[in-house]
Amino acid sequence: MGEPEASVQGRITVYSIQGCPHCLQAKATLKDLGMPVCDVDLGKHPELRSKVKELTGRSTVPQIFFNNVHVGGNDDLQKMSSEELQRLVDLVRKDPPPADAPPIPEAGASAGTSTEPDGDFQCEKDELADLVEDLKHASVIGSHRRGLTVHKKSFSADELVDWLQKEKGMARDQAVNTGQGLLQKKYMVGVHGQQDGSFDRNGQALYRLLEDDPHSALNAGQTAACSPIKASELSLLLRDMILKLFSEHLSADGKTVDYKGMSVNPAFERYTDLAIQLQRVELLSLTREEKLAFFINVYNALVIHGYLRLGAPTNMWQRYRFFNYVSYLIGGEVFTLQDIENGVLRGNRKGIAQLRKPFSKTDPRLQMALPDAEPLIHFALNCGAKGCPPIKTYTPQDIDSQLRTAAEAFLENDDACVVDSGKKEVRLSQIFKWYKADFGGTDEKLLSWVLDHMGDSPKKTSLKGVLSGGKTKVSYLPYDWSSNSSH
């Protein structure tokens, strides 16, 4: 393992984020050299992001330095000859970091704006939670026939009001208001078509407790008893918790994830408890920025939760099934991955292989849809293949610049965009083919979008050159379905 660490004068610096497989792989390789590695988490220190970009000309992580010598990302490190690597190791061993070595956080520096959850989420019990607990065991819940249909585990407005008067000693008005409160706070839902959100004072309408409503959402079947947590805080907590879990179960080389081990980790149980609280979260008051950050974080967490339950999809058909099935109950409504992506974040547009828009005109979830498709979400909903954007969770305060960074990081990857000046051809990721409409709909608009969202780099310069020469051919790169692998 080389010489003891005490004799090392210099520093190897790796800029990374939690849960990024390429970062882990790079760190594993460096560790094998027997050298101490200074790991700087840009998720915790977003204040260093722009400096790292300035020094490297890149937006992806990992970025690796031996003293002040920039090696590049993980793929650059893996391609280095052993002589070159040895030369850099010797340099770090004998020379202290020069004045222009890349920055590391000062000791005791605050961890930027990152919320590092300790996993011990404090739940304040909602004022109606005990009442709901009692209602669960009350004899009012039973089967009710309406027309030809029998609705199991339901109760009428009348029965609820009677029970509240008899068992809870409420006056009629108070009982009716409580019914309205249970509906508003998403403890119960109208059965079959009772969707206007107001409690039926005439007593005939049927209701069900949300946990008795049949759906396959991964966070259903248990009542959320905490008083509602702010949507944006909840999504940050969820994303951070599941990423931490994911990181703990990523193999040292970053190539595989032990989903089995992850699902029996006690931290996963804490995660699922917290995911239950999404059931009654308040969504209607969210701003565009809060909505974007909330749904991107929840989507990325739900994908990992879905992998844990169902395994990762390995082809187009499995992916289609996975994205149309894996769901959370959010604010009283079920959202699948594809509802979040195409319904909310793409402004209710048809997805791949879809015949119709996700939300019909009368769908209550339509109120959540962004007014327009936001093309940048495509780069926040997946991790670039050879390097990740240096962002762990998205925050409403900074969402637009975070999304631009994610797009820039994605386009830096050669499996996302290749410019062939000789052939006057630009080869792009399938994402641009699948969602071409979001990027303007024509090759010309697509290419100018790509140019606008690239960081300054030799690739950008050659793209400008190709575009200025007139007709450019656009083709698409094969998509790598092998999830969590590192080819």
Side-chain angles (χ1 to χ4, degrees), residues 195 217 231 235 283-284 286-303 306 313 315-331 333-384 389 394 396 399-400 402-404 406-407 410-411 416-417 428-453 474 476-477 479 481:
Q195 285 302 354
S235 79
L283 295 177
L284 289 174
L286 299 185
T287 63
R288 169 189 167 272
E289 290 73 21
E290 287 171 334
K291 209 180 273 187
L292 271 170
F294 173 82
F295 278 104
I296 289 170
N297 290 333
V298 166
Y299 181 100
N300 286 333
L302 178 54
V303 167
N315 60 34
M316 191 69 175
W317 164 238
Q318 283 182 2
R319 180 180 189 269
Y320 179 77
R321 272 200 355 224
F322 184 87
F323 283 81
N324 282 284
Y325 177 80
V326 172
S327 64
Y328 274 154
L329 196 49
I330 306 171
E333 300 291 338
V334 174
F335 288 86
T336 62
L337 287 165
Q338 89 87 6
D339 291 333
I340 295 176
E341 181 173 2
N342 298 313
V344 178
L345 298 170
R346 295 185 62 235
N348 203 29
R349 292 188 176 193
K350 283 192 280 205
I352 312 173
Q354 279 190 307
L355 303 175
R356 56 175 76 98
K357 293 176 176 182
F359 306 147
S360 68
K361 288 194 170 58
T362 55
D363 193 320
R365 297 171 301 174
L366 187 59
Q367 302 171 71
M368 282 301 105
L370 290 170
D372 259 323
E374 173 47 81
L376 291 167
I377 60 125
H378 297 298
F379 314 107
L381 298 184
N382 63 7
C383 183
Y394 289 79
I399 184 79
D400 285 297
Q402 288 171 341
L403 287 174
R404 280 198 77 96
F410 183 80
L411 290 166
C417 172
L428 295 170
S429 156
Q430 293 279 341
I431 286 175
F432 292 104
K433 183 180 176 182
W434 293 333
Y435 300 106
K436 199 168 181 177
D438 298 9
F439 301 98
T442 64
D443 282 358
E444 216 170 353
K445 284 185 176 157
L446 174 57
L447 289 169
S448 90
W449 193 97
V450 168
L451 185 67
D452 280 349
H453 290 83
V474 174
Y476 297 96
L477 297 154
Y479 195 80
W481 287 109

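Just so you know, residue 1 is the first one in the sequence shown, and it goes up from there.
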Discussion item. Would Phe335 and Val298 count as a side chain to side chain contact (heavy atoms under 4.5 Å, CB included) here? Give the steps.
Written reply: CA-CA 10 Å; Phe335 288 86; Val298 166; over 6 Å; no
Practice prompt. Nearest 0.5 Å please: distance from the CG atom of Leu302 over to the OG atom of Ser327.
Written response: 7.0 Å
Discussion item. Does Lys436, at its NZ atom, have more than 12 non-hydrogen atoms belonging to other residues, nucleotides or ligands within less than 6.0 Å?
Written reply: yes
Worksheet item: Looking at His378 versus Phe410, is the centre-to-centre ring distance below 6.0 Å?
Response: no
Worksheet, complete the sentence: In this structure, SG of Cys417 is separated from CD1 of Ile431 (nearest 0.5 Å) by 12.5 Å
Discussion item. Using the rule given for side chain to side chain contact (heavy atoms under 4.5 Å, CB included), can you reason through Asp339 versus Glu333, listing the C-alpha separation, both sets of side-chain angles and the distance that settles it, and then say yes or no?
Written reply: CA-CA 11 Å; Asp339 291 333; Glu333 300 291 338; over 6 Å; no
Fill in: Interatomic distance, Leu381 atom CG to Leu376 atom CG [nearest 0.5 angstrom]
11.0 Å
Worksheet entry | pair Leu337-Tyr299: side-chain heavy atoms closer than 4.5 Å | yes
Fill in: Check: Leu403 and Ile296 side chains under 4.5 Å, non-hydrogen atoms
yes
Response to the item:
d(Leu292 CG, Ser235 OG) to nearest 0.5 Å is 11.0 Å
Response to the item:
Heavy-atom nearest pair, Arg349 first then Pro358, reads O-CD, 3.4 Å
Worksheet item: For Pro396 and Ala293, which heavy atoms make the closest approach, and how far apart are they?
Response: N-CB, 3.7 Å
Worksheet item: Looking at side-chain heavy atoms only, is the closest gap between Ile352 and Tyr320 below 4.5 Å?
Response: no
Fill in: Intermediate values then yes/no, side-chain hydrogen bond (donor to acceptor under 3.5 Å, both in side chains), Ser360 and Asp363
CA-CA 5 Å; Ser360 68; Asp363 193 320; 4.9 Å; no
Worksheet item: Is Ile330 close to Phe294 at the side-chain level, that is, under 4.5 Å between some pair of heavy atoms?
Response: yes
Practice prompt. Determine the minimum heavy-atom distance between Gly351 and Asn342, stating which atoms define it.
Written response: CA-ND2, 3.4 Å
Worksheet, complete the sentence: Nearest heavy-atom approach of Phe439 to Pro375 is CE2-CB, 3.6 Å
Worksheet item: Is it true that a side-chain atom of Asn348 and a backbone atom of Phe359 form a donor plus acceptor pair closer than 3.5 Å?
Response: yes
Practice prompt. Looking only at non-hydrogen atoms, find the nearest pair between Leu477 and Gln430 and report the distance.
Written response: O-NE2, 3.1 Å
Worksheet item: Is the backbone of Ile340 close enough, under 3.5 Å, to the side chain of Arg365 for a donor and an acceptor to pair up by distance?
Response: no
Worksheet item: How about Gln354: does its CD atom have over 12 heavy atoms from other parts shown lying under 6.0 Å from it?
Response: yes
Worksheet item: Side-chain contact, heavy-atom cut-off 4.5 Å: Phe432 with Val450?
Response: yes
Practice prompt. In sequence, state the C-alpha distance, the side-chain angles, and the governing distance for Leu283 and Gln367, and then conclude on side chain to side chain contact (heavy atoms under 4.5 Å, CB included).
Written response: CA-CA 9 Å; Leu283 295 177; Gln367 302 171 71; over 6 Å; no
Worksheet entry | pair Leu428-Lys433: side-chain heavy atoms closer than 4.5 Å | no
Worksheet item: Thr336 and Asn324: which non-hydrogen atoms are nearest, and at how many Å?
Response: CG2-O, 3.4 Å
Practice prompt. Measure from the side-chain N and O atoms of Glu341 to the backbone N and O of Gln338, and report whether any donor-acceptor pair falls under 3.5 Å.
Written response: no
Worksheet item: For the residue pair Tyr328 and Phe295, is the inter-centroid distance of their aromatic rings smaller than 6.0 Å?
Response: no
Worksheet entry | Donor-acceptor pair, side chain of Arg346 and main chain of Lys350, under 3.5 angstrom | yes
Worksheet item: Are Asp400 and Arg288 within salt-bridge range, i.e. N to O under 4.0 Å?
Response: yes
Discussion item. Donor-acceptor pair, distance only, cut-off 3.5 Å: does the side chain of Asp452 make one with the backbone of Trp449?
Written reply: no
